[in-house]
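Structure record follows, encoded as structure tokens.
Note that the numbering runs from 1 along the sequence shown for the chain. These figures come from a predicted structure and were not determined experimentally.
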Amino acid sequence: MKQMELEQWAKRADSAQEALEVFFWNEAIEMYDIETPCPDGACNTVFHYWWMAHAVDVLVDGLLRTGAAGYRERLSALHAGLLRRNDGVWPNELYDDMEWMALAWLRAYQATGEEGYKETALILWTDIRTGWNSHSGGGIAWQKTQLDYKNTPANAPAAILATRLYQAFGDPQDLEWAHALYDWLQSHLVDPDTGFVWDGMNRTGDGGIDKDWKYTYNQGVYIGAAIELYRITGNRDYLEEARRTFAAAVKELAGPHDGILPDEGGGDAGLFKGILVRYAAELALADPEDGAAASFLRSNAEMLWSQGKAADQVLFGPDWNTAPSGVVQLSTQLSGIKLLERMAVLTGTRRPNAQPSF
């Protein structure tokens, strides 16, 4: 592939990151507005804690790709803004929310060396572990007010976090946590026949599994946990499990003719595709000989850029086949940026001299 073709993904990621800053950053609160347009910040009636965690993640993507100081500065401001907005503490009531925040600030620490980010991740990890209990044979609860409801969103990201903490700091107990979380998830919420990942169990107190809740998100986080354990252990069973779930996700959720991920809606669901994209890219990086995940991501990225981008701005909605109009939510913008940043990584492009506009 020609160098110009390789560099296009980095340039597209640059433009999407710039749009995030121009259209969403709110200096008054040192956080992103939850949608655009948002005159005078009036849209910010809800604190979307976990959306902000994913905003941290895409800033880290930009920093790792470019090395630009602007990303460091924005991370510092966002760290302060989030802590202030959360009443001076990091934990909240939702275990999955905290896991995303911990994952993001751990990555930020590894990218910058800022000890405050490491402290944030470890504070959250201590709180997250309190969610494990004996209901349904183990696993972490979804929220502190419903300790008997266990789901993939609260357990797979925790497994990813535990593996990354182990890799970063070498505490063997973190690896034990990763294995326990992964094993519980695999035995309770993964279809043994196909590898497709179900959402949760005992939500209504009857022990039932929510098999009809078919989300890209759940496939992504299980793939991510499997890939991290494969990297640590070298056990190819984990790689095979990731491959199997990826194939099931594409078969079950992507368009049968074009392979494009579905419109799952706005709000929280606007982030779902971006999560699958991030961890499908990890599969592609860990398994370069296969090529299926990389090809899948390329098709989706080409569709997003050619059809799913607003006509006059680099803004993305929930449908990657259709340009957005009117209000664009932060969640869907972040998913689009994730896809473009992953394509820049997969094509090996870095822009060390690129400077964001902030």
> Shortest non-hydrogen contact from Ala225 to Ala156?
Replying inline: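 Smallest heavy-atom distance, with atoms named: CB-O, 4.1 Å.
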
> What are the two closest heavy atoms between Ala242 and Ile223, and how far apart are they?
Replying inline: O-CG1, 3.8 Å

>> My understanding is that only residues two or more places apart in sequence, or in another chain, count here; which of them pass salt bridge (charged side-chain N to carboxylate O under 4.0 Å, His left out) with Glu30?
In response: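 Result, salt bridge (charged side-chain N to carboxylate O under 4.0 Å, His left out) vs Glu30: Arg84.
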
> Taking only residues two or more places apart in sequence, or in another chain, which ones meet Glu252 in a salt bridge (charged side-chain N to carboxylate O under 4.0 Å, His left out)?
Replying inline: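 Only Lys214 meet the salt bridge (charged side-chain N to carboxylate O under 4.0 Å, His left out) criterion with Glu252.
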
Just grab all the salt bridge (Lys or Arg N to Asp or Glu O under 4.0 Å) pairs involving [range], residues at least two apart or on different chains.
{"range": "residues 263-273", "value": "none"}
{"range": "residues 191-210", "value": "Arg203-Asp210"}
{"range": "residues 121-130", "value": "Asp127-Lys144"}

> Would Phe246 and Tyr279 satisfy ring-ring contact (aromatic ring centres under 6.0 Å, His included), going step by step from the backbone distance to the final call?
Replying inline: CA-CA 10 Å; Phe246 172 74; Tyr279 295 108; over 10 Å; no

> Counting only N and O atoms by type, is there a donor-acceptor contact under 3.5 Å from the side chain of Lys150 to the main-chain atoms of Trp142?
Replying inline: no

> Does a salt bridge link Arg65 with Asp14, judged by any charged N lying under 4.0 Å from a carboxylate O?
Replying inline: yes

> Is any side-chain N of the basic residue among Glu7 and Arg12 closer than 4.0 Å to the acidic one's carboxylate O?
Replying inline: no

Only counting residues at least two apart or in another chain, list the ones meeting side-chain contact (heavy atoms from CB on, under 4.5 Å) with [X].
{"X": "Thr233", "answer": "His179, Asn235, Tyr238"}
{"X": "Ala254", "answer": "Val250, Phe296"}
{"X": "Thr120", "answer": "His79, Trp90, Trp105, Leu124"}
{"X": "Gln143", "answer": "Leu94, Thr145, Gln146"}

Would you say [X] and [Y] make side-chain contact, with heavy atoms under 4.5 Å?
{"X": "Glu119", "Y": "Tyr109", "result": "no"}
{"X": "Trp184", "Y": "Leu189", "result": "yes"}
{"X": "Asp171", "Y": "Tyr166", "result": "no"}
{"X": "Pro262", "Y": "Thr216", "result": "yes"}
{"X": "Val314", "Y": "Glu18", "result": "no"}
{"X": "Leu106", "Y": "Tyr117", "result": "no"}

> So how far is it from Ser136 OG to Leu147 CG, rounded to the nearest 0.5 Å?
Replying inline: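 That separation rounds to 11.5 Å.
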
>> Nearest 0.5 angstrom please: Ile128 CD1 to Tyr95 OH, how far?
In response: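 If we round to the nearest 0.5 Å, Ile128:CD1 and Tyr95:OH are 9.5 Å apart.
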
> Do you reckon Trp213 sits in the same ILVMFWY cluster as Val190, going by side-chain contacts under 4.5 Å, direct or chained?
Replying inline: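 Yes, same cluster.
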
>> Does Trp198 form a side-chain hydrogen bond (donor to acceptor under 3.5 Å, both in side chains) with Asn218? I'd like the steps, not just the answer.
In response: CA-CA 7 Å; Trp198 301 314; Asn218 292 325; over 6 Å; no

Enumerate donor-acceptor pairs with a distance under 3.5 Å from any side-chain N or O in residues 53-64 to protein atoms, sequence neighbours excluded.
from, atom 1, to, atom 2, distance (Å)
His54, ND1, Lys338, NZ, 2.9
Asp57, OD1, Arg107, NH1, 2.7
Asp61, OD1, Arg107, NH1, 3.2
Asp61, OD1, Arg107, NH2, 2.9
Asp61, OD1, Arg278, NH1, 3.2
Asp61, OD1, Arg342, NH2, 3.0
Asp61, OD2, Arg278, NH2, 2.8

> Using the ring of each side chain (for Trp, its six-membered ring), is Trp50 parallel, tilted or perpendicular to Phe272, with breaks at 30° and 60°?
Replying inline: tilted

> Taking everything shown except Glu240 itself, do over 12 heavy atoms lie less than 6.0 Å from its CD?
Replying inline: yes

> Mind checking what makes side-chain hydrogen bond (donor to acceptor under 3.5 Å, both in side chains) contact with Ser187, not counting sequence neighbours?
Replying inline: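 By the side-chain hydrogen bond (donor to acceptor under 3.5 Å, both in side chains) rule, Ser187 matches no residue at all.
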
> Which pairs pass disulfide (SG to SG under 2.5 Å) with one or both residues in residues 9-89, sequence neighbours excluded?
Replying inline: Cys38-Cys43

